[in-house]
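Take a look at the structure set out below.
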There are 2 protein chains.
Amino acid sequence: MDELDSAIVRHLQEDARQSNRDIARKVGIAPSTCLERTRLLRERGVIRGYHADIDLPSLNRGVQAIVSAQVRPLSRVVIDAFQRSLGELPEVMSVFVTAGSDDFLIHVSVRDIDHLHAFLADRLAVRKEVVGFRSSIIFRHIHRTVLEPLPDNGKSPGPR
Amino acid sequence: MDELDSAIVRHLQEDARQSNRDIARKVGIAPSTCLERTRLLRERGVIRGYHADIDLPSLNRGVQAIVSAQVRPLSRVVIDAFQRSLGELPEVMSVFVTAGSDDFLIHVSVRDIDHLHAFLADRLAVRKEVVGFRSSIIFRHIHRTVLEPLPDNGKSPGPR
DNA sequence: GGGCGGTCCCGAACGAAGTTCGGCGCAGCG
DNA sequence: CGCTGCGCCGAACTTCGTTCGGGACCGCCC
């Protein structure tokens, strides 16, 4: 994972469908070398996949929310079962299992507010392991598509 | 946005780097047709981009957290400025601007717990518009890569 | 009913890209 | 000084992206 690999990864985060030749030219190596590097990054699990980013309103998902939920008992079987059942609901885009005052943060997208209400009432509130939940409508969601590697020797950044 | 477009979108969500010919074969149309459809989806903004999904530990980002923050006054200029400044911090992966008891939910990834502490103390707590924040360590994060379009005529799914 | 325009899809042709592989240069080491 | 291993390169071959002309289907209007 040297500087060259980082550059390749950066370009693939920006646009995963640009040609291998373009990336090779941008980072200053031969296409065959670039292809081999990319293959190794994939093989090592550094690159986990390539995915299209889709406009949510176009999928009838114009309303987003974060739902925080508490479940009891907080045992492994309950957590795993709850997580798995969330994964089967089409409205659920992403699930965070967290420490702190909430056990789950669920990122959902639905057609409209009515469907959000229906999701909460029919899918969440009915489960007996769910002892409480709270939802926050999302006004905006900014997602950074290209993540740089953080320095690994460095002390914490510190003030200023 | 017919059934064919949905199928193309689905395949591009699964693997954005598979060849146009493969997608065409899977959905049962000619490559040239598939290419034109894909081009239109891109042009219409349905497909917003293609991005590589990178393993966070490989980027020295083994620790993730969700930080909820309240800012005051809750005016547009304060919100916009805070959001913009968050976007410049390398640890920040994603920002949700929400209604509810929290104004912002910030998804961060850092090297370790020390760096999380440093981020909170040096980047967040120092800002005077931030009147409170709370962070939750993330144990697991499940992300659904392929989202289906939700039915648009449908009433809310309802119980059972 | 027949002609007409529009829309969508297909297949061929051409240039460009992915993929493989043999060889070269270089650094490290004995 | 030579040997070895590793990584990079460039050429050859296959596959793919891209364009474009033509044909099928459908609704519309005369």
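A distance-only check finds a donor-acceptor pair linking the side chain of Arg17(A) to the backbone of Ala16(B) [under 3.5 Å]. One N or O on the side chain of Arg61(B) and one on the backbone of Glu148(A) form a donor-acceptor pair closer than 3.5 Å. Between the His11(B) side chain and the Ala7(B) main chain, a donor and an acceptor come within less than 3.5 Å of each other. In this structure a side-chain-to-backbone donor-acceptor pair under 3.5 Å is present from His51(A) to Gln13(B).
Atom-to-atom, CZ of Arg39(B) to P of dG17(D) comes out at 15 Å; the value is rounded to the nearest Å. In this structure, CZ of Arg25(A) is placed 15 Å from P of dG10(D), rounded to the nearest angstrom. Between the CG atom of Leu4(A) and the C1' atom of dG7(D) there is a distance of 11 Å, rounded to whole Å. Separating the CD atom of Gln18(B) from the C1' atom of dT15(D) is a distance of 15 Å, rounded to the nearest angstrom. The CD-P distance, from Glu36(B) to dT18(D), rounds to 11 Å in whole Å. Summarising the geometry, the separation between CG on Asp22(B) and C1' on dC16(D) is reported as 10 Å, rounded to the nearest angstrom.
For DNA chain C, the outermost nucleotides in 5' to 3' order that have an atom under 4.0 Å from a heavy atom of chain A are dA17(C) to dT20(C).
In this structure, Ile142(A) CD1 and Arg84(B) CZ are separated by 10.5 Å, a value rounded to the nearest 0.5 Å.
Of the N and O atoms on the side chains of Ser85(A) and Arg127(A), at least one donor lies less than 3.5 Å from an acceptor on the other residue. Remark: the His117(A) side chain and the Asp114(A) side chain contain no N/O donor-acceptor pair separated by less than 3.5 Å.
Where Arg21(A) and Gly28(A) meet DNA chain D, the nucleotide closest to each residue was compared, and Gly28(A) sits on the side nearer the 5' end. Two residues, Asn20(B) and Cys34(A), neighbour DNA chain D, and the one matched to the more 5' nucleotide by heavy-atom proximity is Cys34(A).
Residues Leu4(B) and Ile54(A) are members of one and the same hydrophobic cluster, defined by side-chain heavy-atom contacts under 4.5 angstrom among Ile, Leu, Val, Met, Phe, Trp and Tyr.
The side chain of Ser19(B) has dG17(D) as its nearest neighbour among dC9(D), dG17(D), dT19(D).
Using a 4.0 Å cut-off between charged nitrogen and carboxylate oxygen, Arg111(B) and Asp152(A) do not count as a salt-bridge pair.
The residue Arg37(B) sits close only to the backbone: its heavy atoms come under 4.0 Å of sugar-phosphate atoms, none of a base.
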With Watson-Crick and G-U wobble geometry limited to distances under 3.5 Å, how should the secondary structure of DNA chain C be encoded in dot-bracket form, using | for bases paired to another strand and [ ] for crossing pairs?
||||||||||||||||||||||||||||||
